[in-house]
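The shown structure was predicted, so the numbers you read here are calculated from the model rather than taken from an experiment.
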Amino acid sequence: MAVGRMLKIQLLGHNSIREELKRFLREAGAIEVTDVSIEHERNQSGEATVRELDELLEKAGSAAAFLSGYAGKRSFFDRVASGPMRTTFEEGERLLREFPVDDIWQCCSDLQNTIRNSMDELARSRELVHSLEPWRQVITPLESLTTRQYEVQFWTLPAVELPENLVEIEDRFPLVHFEECSAEGGRSYTMVIVGKSEADRVSETFKEYAGFRSSFDGLEGTPAEVIEAETKHWDDLERAIRDAEQKARETAAERDKLLLLSDHIREKIGLTGIERQFCFTDSAFVLEGWIIAPARPGLERALSSRFREIEVSFRQPRDDEEPPIALQNRSLSTPYEFVTTLYGRPVYREIDPTPLLAPFFVLFFAMCLTDAGYGLTLSALSALILTRFKPSGGAGKLMRVMFMGGIATAVIGVISGGIFGIDAASLPPFIKRFVLIDPLEEPMKMLNIAFLMGVVHMLFGMGIRMFANIRAGLVADALFDDLFWMLFLIFLAPLGFSAILGGYVPPAVHLWSKRAVLVIAAAIFLTAGRKQKGIVKKFFKGLIGFYDVVGYFGDVLSYARLLALGLATSAIAIAVNGIAGMVKGLPFYTGYIVAVLILVLGHAFNFAVNALGAFVHSGRLQYLEFFSKFFTGGGREFKPFRSERQYSVVREAEEKK
């Protein structure tokens with residue numbers, strides 16, 4: 001429905017304009033370049049250059065990322081106000097020739113290794129000193145504590161039951177000797193001298209008493225000597241870290257050049273990579289790609305005014321081709337492309353569900369959040385982000401979805417009497433006259449509305465499938481598989497409302513609905529097996545086809561989540577207000593302070609959690625209950641060849657060359 005019509009474009013030109021044409025295509029950003037469809041050998045001439053540029057880009061990016069931690073910090077607002085750096089293509093070429101990327105990268109790599117290794121060594125040394133500190137009183141060198149027959153073990157034991165435990169150990173191992181070196185924080189640091197024949201059994205016994213054994217294998221000297229040697233080494237390590245960080249701060253002056261060079265290299269890779277998709281002769285080249293049909297006139301004018309030695313042709317996609325997908329919707333529907341693309345893009349000849357899901361999504365979102373105060377808050381926050389930070393792409397679309405969802409939530413919240421959890425009876429009179437239903441007082445009425453919306457949503461999806469089948473020439477499928485089932489569900493709905501939900505249905509409507517259901521059921525039974533061969537297969541296919549009723553019934557029940565999330569939002573908001581009211585009576589006016597904190601934090605939490613839940617569950621209903629009726633997906637995004645700069649823009653003077 002809103003899938004942009006694509007055209008295949010082919011450009012034939014003289015080799016003398018090839019470089020200028022590549023620059024033009026990058027600036028235009030209108031063509032997704034593809035491999036040429038005519039028989040030719042793939043051009044491999046740029047592969048070595050691309051590999052070299054990739055390696056250089058990786059080095060420049062790595063060095064810039066390291067230096068970013070040592071560059072002068074600017075506030076977020078300063079960065080937004082200053083915008084990207086401005087440069088020229090010639091300046092990028094000069095940096096590529098003259099800037100010592102390899103030297104800067106090697107310097108950054110050495111500094112990073114020095115800082116990391118010194119910090120690791122310092123952390124290891126401090127941990128060693130911390131573990132040796134309780135054993136400072138040991139005056140025997142650590143390497144001398146083990147003999148051929150005896151060894152010394154260092155145990156940290158809970159001090160509470162230590163005397164009783166040591167008595168038990170002495171009874172079991174009479175030759176074991178204990179000596180407490182220190183005690184701190186409810187722990188006893190005990191040195192144990194034990195014969196090697198009993199060492200393992202003694203260790204297992206101490207573990208039973210929640211003991212932890214420290215090992216100092218490989219250390220030489222007394223604990224005090226090791227501690228002194230390690231602490232002296234700290235100054236050297238800290239000095240090495242400071243010197244390396246100072247050198248990094250000095251080198252950070254080159255970071256902007258690294259970023260400019262990264263952008264330029266990325267452009268060069270794009271220009272070189274695209275040339276590999278050209279087909280060459282000694283004097284000419286051929287280039288093919290995809291373009292959105294509305295962009296054709298402007299591109300033709302630009303090409304004819306800038307290039308003489310070029311021929312351009314366009315054609316419609318062939319049946320065996322799968323063009324890329326560019327979604328084109330009106331301004332009100334465009335933000336909901338974010339919801340569609342989270343699931344997937346339609347294939348080229350498929351209906352775009354974006355404008356079809358938009359009204360349902362925003363309505364379901366509002367019913368899940370169902371609080372006017374939260375809705376206005378969401379719209380205000382979204383508007384602030386859109387006007388102050390001007391997000392683009394998916395983030396911008398999401399903020400617009402949230403803005404419209406907040407407006408719809410405010411309307412539904414007023415209708416249902418939900419405003420920050422305030423009791424509907426306490427609302428001002430000019431608001432109360434707009435309240436039509438209270439979900440907490442009339443949950444079944446709200447549930448019936450949710451089910452009704454679910455039935456409409458599902459039938460709309462089935463209607464889209466019927467339309468798609470008719471457009472594809474599958475009239476029989478549209479009639480027997482879609483229209484019959486739609487009519488069947490329409491006439492079955494009053495019967496279900498009466499029998500399952502206990503609702504009132506006029507007798508005449510009930511009677512004619514029952515008759516219509518029987519007639520349509522017979523038609524479905526007779527036509528469901530029309531593609532099968534043999535009477536038996538047709539019979540069982542028609543019979544099994546009615547199992548779909550169970551699936552549709554389950555789908556309708558899924559819409560009960562609209563009521564559940566709406567009730568959760570209201571109930572939590574009321575609970576937050578109730579808790580705040582309970583603490584207001586605390587003395588010295590502290591109750592009011594605590595009450596304000598509870599209101600702010602409680603409503604903020606409720607707002608955040610349920611806004612997220614409203615988005616997730618509204619999307620789930622689209623994906624599982626709506627898309628499943630007609631949408632296949634799997635289309636590939638249209639990605640035209642354009643500038644890939646991240647940190648800079650090319651100055652206007654250069655763009656016009």
* To do: Name the orientation class of the two ring planes belonging to F615 and F338 (parallel below 30°, tilted from 30 to 60°, perpendicular beyond 60°).
  =>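 F615 vs F338 ring planes: tilted.
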* Asked: In terms of the angle between their ring planes, are Y70 and F66 parallel, tilted or perpendicular, with boundaries placed at 30° and 60°?
  ->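 Tilted.
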For a quick test of your reading: what N or O donor-acceptor pairs under 3.5 Å do the side chains of residues 213-223 make, sequence neighbours left out?
| unit_1 | atom_1 | unit_2 | atom_2 | d |
| --- | --- | --- | --- | --- |
| S215 | OG | D217 | OD2 | 3.2 |
| T222 | OG1 | E225 | N | 3.2 |

Between [Y] and [X], is there a salt bridge with N-O shorter than 4.0 Å?
| X | Y | value |
| --- | --- | --- |
| E133 | R136 | yes |
| R51 | D54 | no |
| E230 | R124 | yes |

Hey, does the side chain of [X] reach the backbone of [Y] with a donor-acceptor pair shorter than 3.5 angstrom?
| X | Y | result |
| --- | --- | --- |
| S68 | A65 | yes |
| S62 | E58 | no |
| Q137 | C181 | yes |
| S379 | F403 | yes |
| T409 | G375 | no |

Between [Y] and [X], do the side chains contain a donor N or O and an acceptor N or O under 3.5 Å apart?
| X | Y | answer |
| --- | --- | --- |
| E121 | N117 | no |
| N610 | N606 | yes |
| Y209 | E168 | yes |

* Asked: Quick one: which of F212, F154, W135, F178 gives a ring-ring contact (aromatic ring centres under 6.0 Å, His included) with Y189?
  ->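 Output: one option passes, namely W135.
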* What pair of heavy atoms forms the shortest contact from A240 to S118, and how long is it? ->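 Shortest heavy-atom separation between A240 and S118 comes out as CB-OG, 3.9 Å.
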For residues 144-153, run the donor-acceptor check on the side chains, cut-off 3.5 Å, and write out each pair with its distance to 0.1 Å, sequence neighbours left out.
| unit_1 | atom_1 | unit_2 | atom_2 | d |
| --- | --- | --- | --- | --- |
| T147 | OG1 | Q149 | N | 3.4 |
| T147 | OG1 | Y150 | N | 3.0 |
| T147 | OG1 | Y150 | O | 3.3 |
| E151 | OE2 | Q153 | NE2 | 2.9 |
| Q153 | OE1 | W155 | NE1 | 2.7 |
| Q153 | NE2 | S203 | OG | 3.3 |

